[in-house]
Amino acid sequence: MNARATVRNPEMAALLEQYSARFNARRAEAYAAANAAPEQWTPKAVGETMIEALRWAQWAAGRVGSGGIKTVALPFVVTLDEHLANGWGLPETAGDDEPDPRRLRVMPSPVQVARHEAALDWPRQYLRDHEGSARILTLWLRCKITRKPFDAAVKARGTISRTTAYALRDRALSVISQGLDRDGVPHHRP
């Protein structure tokens with residue numbers, strides 16, 4: 001658009017001015033976001049990321065170990081010809097009108113899978129010298145995934161007090177978050 005067209009048409013000049021102001025504001029926001037300081041890891045963010053990674057692992061792999069003895073009755077399947085030959089009429093299947101009760105899950109992208117796998121490896125990387133904290137963190141994560149109370153699990157162990165267990169868990173999450181910040185691992189919000 002040339003300068004003469006905007007001089008002759010003040011409405012077009014106003015629209016052009018609004019558009020350029022919006023464009024410049026968006027460009028400034030994008031520049032600020034690209035050049036912002038990386039977000040630091042917090043112990044809470046580390047715990048949430050690890051829980052999310054464990055839920056993914058549980059969903060992707062399922063339970064491991066022996067499943068016990070299972071018996072399944074073979075289904076009685078009758079063909080359409082047998083139905084009609086015996087005078088049973090057209091076959092009906094029970095439950096066709098009801099929707100499938102299972103939830104649909106969106107498959108994670110390869111980038112998300114790589115993040116989950118990296119999160120599952122954090123205790124090995126960052127808690128080498130903190131064996132007690134690593135064990136308590138593992139217990140806490142197991143309780144979160146199985147939805148069992150952490151207090152009851154600590155009490156069942158009988159080796160440490162509740163406050164010590166929470167302190168060791170917090171220490172483990174803090175050590176991991178400091179290691180992630182030190183190594184420059186980017187923080188991705190779920």
(Q) For the CG atom of Asn86 and the CG atom of Asp81, what is their distance to the nearest 0.5 Å? (A) 11.0 Å

Q: Check whether any side-chain N or O of Thr146 sits under 3.5 Å from a backbone N or O of Arg142 as a donor-acceptor pair, and report yes or no.
A: yes

(Q) In this structure, would Phe23 and Leu15 fall into the same cluster of hydrophobic residues linked by side-chain contacts under 4.5 Å? (A) no

Q: Find out whether Arg182 and Trp41 are in side-chain contact, i.e. whether some heavy atom of one side chain is under 4.5 Å from a heavy atom of the other.
A: no

(Q) Contact between Leu139 and Arg157 at the side-chain level, heavy atoms closer than 4.5 Å - yes or no? (A) yes

**Q.** Side-chain touch Leu54/Lys144, heavy atoms, less than 4.5 angstrom
**A.** no

Q: Would you indicate whether the side-chain heavy atoms of Trp140 and Asp170 approach each other to under 4.5 Å?
A: no

Q. Going by heavy atoms in the side chains, are Trp59 and Arg55 under 4.5 Å from each other?
A. no

Q | Non-hydrogen atoms of Pro108 and Val113 that approach each other most closely | A | CG-CG2, 3.9 Å

Q: Determine the minimum heavy-atom distance between His187 and Ala45, stating which atoms define it.
A: CE1-CB, 3.2 Å

**Q.** Straight-line distance of Tyr126 OH to Asp121 CG, nearest 0.5 Å
**A.** 9.0 Å

Q | Gap separating the CD atom of Glu52 from the CD1 atom of Ile145, nearest 0.5 angstrom | A | 10.0 Å

Q. Which atom names give the shortest non-hydrogen contact between Ser177 and Ser174, and what distance separates them?
A. OG-O, 2.8 Å

Q. What orientation do Trp56 and His116 show, parallel under 30°, tilted 30 to 60°, or perpendicular over 60°?
A. parallel

**Q.** Nearest-0.5 Å distance, CG of residue Leu137 to CG of residue Leu141
**A.** 4.5 Å

Q. Between Met12 and Tyr19, is there a shared hydrophobic cluster once you connect ILVMFWY residues whose side-chain heavy atoms come closer than 4.5 Å?
A. no

**Q.** Minimum heavy-atom distance between Val154 and Ser161, given as atom pair plus value
**A.** CG1-O, 4.0 Å

Q: Compare every heavy atom of Gln40 with every heavy atom of Asp181, then report the nearest pair and how far apart it is.
A: OD1-CA, 3.6 Å

Q | Separation between CZ of Arg26 and CG of Asn24, rounded to the nearest 0.5 Å | A | 11.5 Å

Q) Is Val111 reachable from Met107 through a run of hydrophobic residues whose side-chain heavy atoms are each under 4.5 Å from the next? A) no

(Q) I need the minimum non-hydrogen distance between Ile136 and Arg169, along with the two atoms involved. (A) CG2-N, 3.9 Å

Q.
As an exercise, state the distance from OG1 of Thr163 to CG of Leu168, rounded to the nearest 0.5 Å.
A. 9.5 Å

